[in-house]
Amino acid sequence: MDENFQEYGHKLVTWYRQNRRDLPWRRTCDVYAIWVSETMLQQTRVETVIPYYLRFLSAFPGVADLAKASEEQVLKHWQGLGYYRRAKNLHLAAKQVCQEWGGDFPKTRDGWLQLAGVGDYTAGAVLSIAMGQPEPAIDGNVLRVMSRLLCIREPVRNTNVVRRIRKLLEYWLTNDVPSDVTQSIMELGAIVCTPRSPQCLLCPLAEGCRAKREGCAAELPVKVAKAARKKMLVSALWLEHAGQLLIEQRPEEGLLGGMWQLPSLSEERTEDGGSELPSALRLAESLMERLVAGSLLADEISESPQPYLVPVATEKHVFTHLEWEVHVCRPVGLALEKLFGQSQKRMELMIWVPVEDWDKYAWPRVYEKILEKLLSERVNI
DNA sequence: AAATCGGGGCG
DNA sequence: CGCCCAGATTT
């Protein structure tokens, strides 16, 4: 290390002890609770996590409570938080801990890395914050703070850049309380060394910050461009009969795995598509055909007058790597009681549920919005 | 190394 | 509207 970067660890920890926010997971030393918080905080803002964290720990106070819960319960408590595989992995890992290790958490980095959903960051975070070990935890905050302090102009995710940052971090960790070292950098990144318009005037490291000296703090860190988002057209059906609504569960793997939605079909949207509603209606028709065929009623339906579809709601939703335009349609002129009678058996992953019970299931945000909108309109009528 | 995987807040 | 957030996992 060319300059005296070693001593900045002390300055940062001193600053942290005087300026740290009062956060729920900073009021506990419980390894389980801190592990839950770190999992929820992956790619998710502190303010978003707080209510989820409190509810989750209230529902599952210890790792044994989580291990014996059902996956539906766990998903329901994660509803709206996103990246739902985190919830499944957390649940799975809790079972691992209880069944294979008698409820005792690992005490080494390699042990933690064996748990589902625990990667390099989370292992280091739990070990340093909850277990007092000098293990580095490198997240987006750390990369940003360090890239500015050292004025690193290469892409910050570059392997040897991360290696360099890790070395400095390891040094700091051996000279202070590990929990405070880890949290001090993240805290600085969260409230001072922010992604845009960093507050260098408030920074305890301003004196030694190379980026500040060179006037490029706001331009760092350098990141590589991401791929463009795909646009998808999604058609969903409102199928209601005798107070029952047809809903379907998404496949366990992949996008929104295991979550519930209105029966839906999607296709990639090409730019030359023109008007969206006609395309959405065609998509909805093919979904209706599939449902009718699946209910073994093809003959009877084909005899009855051709049903037509009425659009009742539309909603756009943006994910990290794709974009949905959801159109909800309701069939008119279809003998739904025939479909209902047959599909009581259960068609693939679809079930009829009382309309008022819809909120007992875990819905993706976009479908939750649609359901709330449609049901509130109904109450007003 | 690049893609996949949510949702929301902020400039 | 684009960017980013206490990342992990798969390809």
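Just so we're on the same page: letters track the sequence lines, and every chain starts at 1. Side-chain atoms are counted along with the backbone in the values below, which use heavy atoms only and exclude waters and symmetry mates.
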Mind checking if A:V224 touches a base, just sugar-phosphate, or nothing, with heavy atoms under 4.0 Å? nothing
Nucleotides 1-5 of chain C: which of its N/O atoms have a protein N/O under 3.5 Å away?
residue, atom, partner, partner atom, Å
C:dG2, N2, A:R196, NH1, 3.2
C:dC4, O2, A:R45, NH2, 3.1
C:dC5, OP1, A:R144, NH1, 2.6
C:dC5, OP2, A:K223, NZ, 3.4

Is A:H317 close enough to B:dG6 that one of its side-chain N or O atoms is under 4.0 Å from OP1 or OP2 there? no
Between the side chains of A:R86 and A:T44, is a donor N or O closer than 3.5 angstrom to an acceptor N or O? yes
May I have the distance from A:W78 (atom CH2) to B:dG6 (atom P), rounded to whole angstrom? 12 Å
Set of residues satisfying salt bridge (Lys or Arg N to Asp or Glu O under 4.0 Å) with respect to A:K107, sequence neighbours excluded: none
Which part of the nucleic acid does A:F319 contact within heavy-atom distance under 4.0 Å: base, sugar-phosphate only, or nothing? sugar-phosphate
Write down the distance separating the P atoms in C:dA6 and B:dG11, rounded off to the nearest Å. 15 Å
Just jot down the salt bridge (Lys or Arg N to Asp or Glu O under 4.0 Å) partners of A:K68, sequence neighbours excluded, or say none. A:D65
Is the distance from OP1 or OP2 of B:dC5 to the nearest side-chain N or O of A:H321 less than 4.0 Å? yes
What class does the angle between the rings of A:W324 and A:Y367 fall in, given that below 30° is parallel, 30 to 60° is tilted and above 60° is perpendicular? perpendicular
Pairing donors with acceptors under 3.5 angstrom, does anything connect the side chains of A:Q114 and A:Q96? no
Any side-chain donor-acceptor pair under 3.5 Å between A:R144 and A:N141? yes
Provide, to the nearest angstrom, the distance between the CG atom belonging to A:L81 and the P atom belonging to C:dA8. 15 Å
Does a side-chain heavy-atom distance below 4.5 Å link A:T48 with A:L81? yes
Nearest-Å distance once atom P is located in both C:dC3 and B:dA3: 16 Å
Given that A:G254 and A:R365 both sit by DNA chain B, which one's nearest nucleotide is further toward the 5' end? A:G254
CD of A:E315 versus C1' of B:dG8: gap in Å, rounded? 14 Å
A:I129 CD1 to C:dA6 C1', straight-line distance once rounded to whole Å: 7 Å
How long is the line joining CG of A:L169 and P of C:dA6, in whole Å? 16 Å
Tracing side-chain links under 4.5 Å among I, L, V, M, F, W and Y, which residues wind up in one group with A:V222? A:L220
Could you check whether A:A116 gets within reach of a base, just the sugar-phosphate, or nothing at all, counting any heavy atom under 4.0 Å? sugar-phosphate
Roughly, in whole Å, what's the span from CZ in A:R26 to P in C:dA6? 11 Å
Do we see a donor-acceptor contact under 3.5 Å between the side chains of A:Q183 and A:S179? yes
Under 4.0 Å from OP1 or OP2 of C:dA8: is there any side-chain N or O of A:T122 that close? yes
Modelled atom types, side-chain donor and acceptor of A:Y121 and A:E38, under 3.5 Å: yes
I need the full list of salt bridge (charged side-chain N to carboxylate O under 4.0 Å, His left out) pairs touching residues 108-123 of chain A, with sequence neighbours left out, sorted by first then second residue. A:R109-A:D120, A:R109-A:E135, A:D120-A:R166
Go nucleotide by nucleotide along DNA chain B from the 5' end; which of A:K230 and A:V366 gets its closest nucleotide reached first? A:K230
Check every strand shown and say whether A:T159 touches a base, only sugar-phosphate, or nothing at a heavy-atom separation below 4.0 Å. sugar-phosphate
Using heavy atoms and a sub-4.0 Å distance, could you list which residues of residues 179-189 of chain A are near DNA chain C? By number, please. A:M186
So what does A:W25 touch, heavy atoms closer than 4.0 Å: a base, only the sugar-phosphate, or nothing? base
Rounded to whole angstroms, how far apart are CD on A:Q42 and P on C:dA6? 12 Å
For B:dG8 and C:dA8, measure between their P atoms and round to the nearest Å. 22 Å
Return the value, rounded to whole Å, for the distance between atom NZ of A:K88 and atom C1' of B:dC5. 11 Å
